[in-house]
> 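Got a structure for you, written out below as structure tokens; questions coming shortly.
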Amino acid sequence: MKYSFCLYCFFYSSNFSCILNRPKLAENYTEDTWLKLRDAVGAIQNSTSIKYNLEELYQAVENLCSYKVSPTLYKQLRQVCEDHVQAQIHQFREYPFESMNRCWQDHCRQTVSVVVDVLTLFTRLRDTGLELFRTHIVSDSAVQKRTVEGILEQIELERNGETVDRSLLRSLLGMLSDLQVYKDSFEERFLSETNRLYAAEGQRLMQERDVPEYLHHVSRRLEEENDRIVSYLDQSTQKPLISCVEKQLLGEHMTAILQKGLSTLLDENRVTELALLYQLFSKVKGGLPTLLQFWRDYIKSFGGEIVCTPEKDKDMVQDLLDFKDKMDNVAQSCFARNETFINAMKEAFEAFINKRPNKPAELIAKYVDSKLRAGNKEATEEELERILDKIMIIFRFIHECGAAFTSKLEGMFKDMELSKDIMIQFKQYMQNQSEPSNIELTVNILTMGYWPSYTPMEVHLPPEMVKLQEVFKLFYLGKHSGRKLQWQPTLGHAVLKAEFKEGKKEVQVSLFQTLVLLMFNEGEEFSIEEIRTATGIEEGELKRTLQSLACGKARVLNKNPRGKDVEDGDRFNFNNDFKHKLFRIKINQIQMKETVEEQVSTTERVFQDRQYQIDAAVVRIMKMRKTLSHNLLVSELYNQLKFPVKPGDLKKRIESLIDRDYMERDKETPNQYHYVA
């Protein structure tokens with residue numbers, strides 16, 4: 001085409017002919033152009049062939065513009081459009097607000113595209129049309145109020161669950177945006193109504209619903225509002241709208257939500273809702289710090305109950321491990337591995353586990369001992385290693401238990417690692433023996449100083465076991481000359497193959513249980529005295545062993561007479577009718593309960609380990625201060641020591657250092673000490 005620019009002019013066929021009254025023509029203008037334009041308009045008004053006649057009209061307008069009469073054309077066109085728009089205003093004050101949309105759509109359809117050579121005329125005509133519609137229709141207070149209220153009413157209906165015409169809302173709000181009145185006439189009022197709605201809804205639902213249900217409702221509301229942004233609201237509304245919803249449904253109720261529901265969510269391990277809680281609180285100012293504080297307080301409270309309830313001492317360590325696993329999972333799965341939350345969890349564990357001096361450390365040591373005694377009777381090597389790793393994490397939360405105590409526990413773990421390496425070498429060694437054994441031997445080498453003391457007990461082992469022990473002793477001492485091996489039968493265990501009427505089974509038993517069961521390869525029935533003589537097991541230990549085999553859940557032996565306890569004179573025979581659904585059956589040894597004396601002894605050993613650290617702290621403080629009163633010295637010690645200690649115990653350590661000439665009392669003021677260089 002000759003011209004490359006497009007303009008939009010408003011064409012109202014009923015009024016447009018007035019534009020075609022012939023003005024005074026400049027000498028360049030032709031009468032023919034005006035006549036063609038007028039004839040084209042007349043043809044449009046009287047003919048059904050609109051498309052054809054519009055083409056003639058476009059050509060006529062283009063010709064006029066080419067003769068530089070576009071200003072005159074624009075002036076007359078503007079007047080026609082203004083008269084037309086003013087004539088429409090009355091209907092919007094009387095009819096529903098949907099009529100505004102019909103008017104706007106008509107207004108847009110009555111735009112005709114014309115090709116001209118002046119780009120500025122295109123912009124001028126389009127802006128003129130918008131200006132006229134804004135000035136005479138939308139800016140009318142009654143029309144504007146009716147339109148905005150209609151839109152708000154439709155949005156409220158949709159928020160209440162009803163279906164509305166979204167295309168109508170999109171068109172009307174697009175009109176307000178095009179006319180540049182969206183923010184002033186609609187958005188401010190819309191946000192105010194939204195604020196009022198969700199403020200009331202938040203107050204009501206916090207009373208009516210539980211926290212999981214409320215959180216899902218908030219998430220659903222946020223999705224709905226974001227969907228409205230996509231469907232018909234202007235993008236500029238997104239930030240203030242979402243902020244409004246988050247503030248009224250979350251920000252105003254953060255503390256109430258956490259007080260009402262966090263403990264329940266954590267107790268019941270509601271990971272889905274906990275993840276949603278974290279996600280929602282991360283959107284609100286101050287949300288995560290508030291959640292962090294409640295999370296920390298929950299851990300301290302729940303953990304403190306585990307540690308400070310003596311009735312739960314039996315299960316304390318396992319409960320701590322389970323609780324730590326649970327909180328780790330929440331931090332990882334629900335709280336996005338947030339380092340702040342992970343660190344807060346560690347601080348909380350450290351706080352509650354030290355509320356009760358000594359006991360957690362004592363029970364952890366006993367728990368480790370029991371697990372290592374059981375060995376692979378209760379778990380595979382990999383499972384045992386994972387358990388021990390978790391125990392070490394719990395142990396590190398305890399304030400320093402004394403260097404010797406800590407080194408003992410670390411020594412235990414080191415022994416287990418070294419034992420694995422030794423057994424790999426021993427198996428290779430056995431493969432090269434001329435007479436390989438049909439018994440597979442596994443040995444744990446335990447350093448005596450690291451482990452609890454075990455009472456030596458001599459028992460009568462079968463010749464095959466004695467021979468295998470000697471083979472291992474020769475192998476081990478060949479690599480570590482000068483060392484001494486002392487076997488601990490109380491810690492041994494075995495897997496035996498047994499044959500019953502039902503079929504073959506494997507039984508997982510202690511060494512004492514093994515010695516008893518092997519006797520029934522040589523005879524059908526034995527008295528308790530005969531078993532004691534043959535095995536060499538101490539009387540009390542033997543009775544507990546027989547009780548586990550003949551009176552427990554898995555009764556591979558029969559006792560005569562029947563009963564729950566084993567007495568002198570009882571006789572035992574092999575239970576050939578024994579049945580069990582599993583192929584491998586574990587028969588637990590009945591453990592002797594810890595005595596009060598043993599508990600006191602353990603506590604005393606812990607304090608003995610700690611006293612060296614107290615002595616070092618006293619000397620360090622006195623060396624720096626030279627002279628110090630008793631009260632100030634005690635105060636300094638409490639600041640430096642990481643474990644609880646009684647004032648009387650500190651006084652004893654100070655007296656001990658005075659006796660050993662590390663410090664001395666002032667001759668005139670006995671309550672004051674001097675450092676002795």
> Could you list the residues that satisfy ring pair (Phe, Tyr, Trp, His ring centres under 6.0 Å) with F426, not counting sequence neighbours?
F472, F475

> With sequence neighbours excluded, tell me which residues meet side chain to side chain contact (heavy atoms under 4.5 Å, CB included) with E208.
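Applying side chain to side chain contact (heavy atoms under 4.5 Å, CB included) to E208 gives R204, L205.
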
> Which value, rounded to the nearest 0.5 Å, describes the distance between M254 atom CE and Q259 atom CD?
11.5 Å

> So, are D649 and R653 salt-bridged, with charged N and O less than 4.0 Å apart?
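No, no charged N to carboxylate O under 4.0 Å.
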
> Begin from the C-alpha positions of K326 and D322 and carry the test salt bridge (charged side-chain N to carboxylate O under 4.0 Å, His left out) through to its verdict.
CA-CA 6 Å; K326 185 177 179 180; D322 293 342; over 6 Å; no

> Do the side chain of S301 and the main chain of Y298 share a donor and acceptor less than 3.5 angstrom apart?
no

> Using side chain to side chain contact (heavy atoms under 4.5 Å, CB included), reason through H493 and Q513 one step at a time and then give a plain yes or no.
CA-CA 8 Å; H493 54 85; Q513 291 170 324; over 6 Å; no

> Taking only Lys NZ, Arg NE, NH1 and NH2, and the carboxylate oxygens of Asp or Glu, determine whether E362 and K359 approach each other closer than 4.0 Å.
yes

> Other residues, nucleotides and ligands only: do more than 12 of their heavy atoms fall within 6.0 Å of CD on E524?
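No.
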
> Would a 4.5 Å heavy-atom cut-off, applied to side chains only, mark I537 and K543 as touching?
no

> Please tell me if the side chains of L557 and F520 come closer than 4.5 Å, counting only heavy atoms from C-beta onward.
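Heavy-atom side-chain distance check passes, below 4.5 Å.
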
> Please list, chain by chain and in numerical order, all residues satisfying salt bridge (Lys or Arg N to Asp or Glu O under 4.0 Å) with R270, sequence neighbours excluded.
E268, E273

> Can you list the residues that meet the side chain to side chain contact (heavy atoms under 4.5 Å, CB included) rule with D565, with sequence neighbours excluded?
Q547, E567

> Give a yes or no on whether a salt bridge exists between K505 and E499, defined as a side-chain N under 4.0 angstrom from a carboxylate O.
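Judged by the 4.0 Å cut-off on N to carboxylate O distance, K505 and E499 do not form a salt bridge.
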
> Applying side chain to side chain contact (heavy atoms under 4.5 Å, CB included) to K427 and E440, what does each step give before you reach the verdict?
CA-CA 9 Å; K427 286 179 181 179; E440 185 178 342; 3.9 Å; yes

> Under 3.5 Å, is there a donor on one side chain and an acceptor on the other for S263 and D267?
no

> Is any side-chain N of the basic residue among K312 and D319 closer than 4.0 Å to the acidic one's carboxylate O?
no

> For the aromatic rings, using the six-membered ring if either is Trp, is the centroid distance between F349 and F323 under 6.0 Å?
yes

> How would you list, by chain and number, every residue that makes a salt bridge (Lys or Arg N to Asp or Glu O under 4.0 Å) with R571, sequence neighbours excluded?
E525

> Looking at R296 and A344, what are the two nearest heavy atoms and their distance?
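It is NH2-CB, 3.7 Å.
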
> Does any part of the side chain of N444, heavy atoms only, come nearer than 4.5 Å to the side chain of D415, both counted from C-beta?
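Counting from C-beta outward, D415 and N444 never come under 4.5 Å.
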
> Who pairs with E339 by salt bridge (Lys or Arg N to Asp or Glu O under 4.0 Å), at least two apart in sequence or on another chain?
none

> Quick check, are the ring centers of F578 and F500 under 6.0 angstrom apart?
yes

> Hey, could you give me the CG/CG distance between L250 and L215, rounded to the nearest 0.5 Å?
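L250 CG to L215 CG: 7.5 Å, rounded to 0.5 Å.
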
> I'd like to know if E541 and R544 make a salt bridge, using a cut-off of under 4.0 Å between side-chain N and carboxylate O.
yes

